[in-house]
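Working notes, beginning with the structure itself.
Values in this document were obtained by computation on a predicted structure and should not be read as measured data. Values below: all heavy atoms of this structure, side chains included; hydrogens, waters and symmetry mates excluded.
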Amino acid sequence: MILTSVILFLISAILLALAFYFRCKTKKTLNSLEDMLNQAIEGKFSAEHFDETRVSKQESKLEDYLSSASISVCLSKKRQN
């Protein structure tokens, strides 16, 4: 009876730790994506600040898109001036 309780407690603790870990990892990825989008909106996005070793394939695709969008924003601003 006690062994079963201990095992259930350990499993619960491990699951809770995993949930916390993945929540933090997801939050970090979303913050990174938000920063990239904000920089692109402001026309300040630069691929030089992009570390491909620690981001997902989707972020890499978004980086390609934002680079071209950032160039478009800069060209539009130059045309307006």
Original post:
Can you tell me how far OH of Tyr65 sits from CG of Leu37, rounded to the nearest 0.5 angstrom?
Top reply: 9.5 Å

Original post:
Are Ile7 and Leu16 joined in one hydrophobic group, where the rule is that I, L, V, M, F, W and Y side chains link up if heavy atoms are under 4.5 Å apart?
Top reply: no

Original post:
Counting distance only, does the side-chain N/O of Thr26 pair as donor-acceptor with the main-chain N or O of Phe22 below 3.5 Å?
Top reply: yes

**OP:** Apply side-chain contact (heavy atoms from CB on, under 4.5 Å) to Asn38 and Glu34, showing your working.
**Re:** CA-CA 6 Å; Asn38 287 336; Glu34 184 177 10; 3.7 Å; yes

Original post:
So how far is it from Met1 CE to Ser5 OG, rounded to the nearest 0.5 Å?
Top reply: 5.5 Å

Subject >> Single-linkage hydrophobic cluster, 4.5 Å side-chain cutoff, Leu8 and Ile14 together >> reply: no

